[in-house]
Amino acid sequence: MIKVSRFITLDNFITKQENFHPGASGEFTSFMHDLTFAVRLIAREVRRAGINDIIGLTDEINVHGEQVKKLDMIANEIIIKSMNHTGKLAVMASEENEELIQIPSKYPKGKYVLVFDPLDGSSNIDVNVTIGTIFGLYKRVSTGEADCNADDVLQPGYKQIAAGYALYGSSTVFVYTTGNGVNAFTYDPTVGEFILSYEGITIPDRGKYYSTNEGNTYKWSPEFKKYINYLKEKSYDGFRPYSARYIGSGVADIHRTLLYGGIFAYPADINNPKGKLRLVYECNPLAMLVEQAGGLATNGKDRILDLQPENIHERSPLFLGSKYDVEECMAFLNGTK
Ligand code: P6P
C-alpha cells in the first residue's frame, strides 16, 4: 500500500520536519537517525534468526516471570548500546529491564527520555509472524548531572514528543509521529534507506474488523462479551458482522487497525485486572499514533494518554482504533448500549 506523492528518505523527511519546529536544534533529527540505525540492526538479526539458530528459549526470565527468547535480549542490547552514548538521552526504560537504564557516566546526558519495548510479540518469533519494536520519547523533567529518576519515565502519554514502532514483517516498516500526523517508511536494503511509503496515515472513522483474543472470552466482563457478540450479529448496516483478525503480535494487529480501521482490544479480565499490555512503553506510544491518525485509545473509561503511570511496568486495559468503533465499545462497557 504505497501512498506517496514523492520519493523521500526518512532522514530527509525528518530534516524537513524541523521546519515545523522553530528553534529546532537538530537533536531530534540526530536521535531519530540513531534509533533507525538500531532498528536496522534489529531487523538484520530478526531476518537471520532462523539461520543463526538463536531462536529458542534462554534460561533467562524477564521482570514479568516470562522466559525471554534470545532475540528479545539482542534487540534490547542493540537499542541500549546504540542510544546510550549519543548524548541525546538522559535515561531509558525498557520492558526487558526492571529498573531505569541510566546513561553511563562516561557518556554525556541529553534532554530526551526513551521508553521502549524492544521486541513486542516475541512469542511469535519461532513461527515467523511479524514482530516489532515500540518506542515513546519524552523531554527529561529532572535536572542536573545526577542520575534520572522515575518521574522522568512516569509521565502521562500526552507529554510524549514522539512515538512510533518498527515492524519486522515481509518488509521492515517504520511508523512514527511527532504530533504532526503519522507517516510510514519502508526499508529498502538495496539502497540502505527507509523510504516514505505512506504519508499522512488516517484511520477510517469506522472499520469492519475486531481484533481481540476470544480465547479469553470466559474471563471477560459481561459488557465486553455483549459488545463482541453484537459485532458478530448479522445486520444490514453495511458493517456487521465484523471480521475477526488477531495475530497475537500487538504491533502487527495495531498496524492493520491503523490502516484498515476497526477496533483492537485487550481488556481487563478476571486473571488480569489491569489487562496485559504495558502502559508506559506499549499503550502510550500506540495511543499517540492512533490519535494522531484520527482514532481513539482508552482504557475502557479514560483516555490512555491522560493516565498518570504509577510504575514503569504497570499494565492497562487497551481499546483503540476507529473513533466510531471505540466510542461504540465504550457505550457497551458503561452500560449505555
Ligand atoms: P495474548 C505479545 O506477547 C503481547 O504483549 C502483544 O504484542 C499482543 O497483543 C499480546 O501480548 C497477545 O497476548 O494473551 O492474546 O497471547
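Nothing fancy with the numbering, it's 1 onward along the sequence. Read the numbers this way: they start at 1 and go in the same order the structure lists the ligands and their atoms.
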ask   = Are Asp152 and Ser142 close enough that a side-chain donor and a side-chain acceptor fall under 3.5 Å?
value =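 Yes, a side-chain donor-acceptor pair sits under 3.5 Å.
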ask   = Can a donor-acceptor pair be found between the side chains of Thr9 and Asp11 at a distance below 3.5 Å?
value =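 On atom types as modelled, these side chains do not qualify, holding no pair under 3.5 Å.
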task = Could you grab the distance from atom CG of Asp120 to atom OG1 of Thr130, nearest 0.5 Å is fine?
result =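 One gets 11.5 Å once the value is rounded to the nearest 0.5 Å.
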message = Can you confirm whether Lys232 sits close enough to Tyr210 that some side-chain heavy atom of one is under 4.5 Å from a side-chain heavy atom of the other?
response =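 Lys232 vs Tyr210: side chains touch.
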inquiry  = For ligand 1, give me the residues whose heavy-atom distance to it is below 4.0 Å, by chain and number please.
reply    =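 Residues within 4.0 Å of ligand 1: Asp120, Gly121, Asn213, Tyr246, Gly248, Ser249, Gly250, Phe264, Tyr266, Lys276, Leu277.
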query = For the ring pair Phe194 and Tyr187, is the centre-to-centre distance below 6.0 Å?
reply =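 They qualify: ring centres under 6.0 Å apart.
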key: Listed once per pair and sorted, the salt bridge (Lys or Arg N to Asp or Glu O under 4.0 Å) pairs that draw on residues 285-302, sequence neighbours left out   =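 Sorted result for residues 285-302: Glu291-Arg303.
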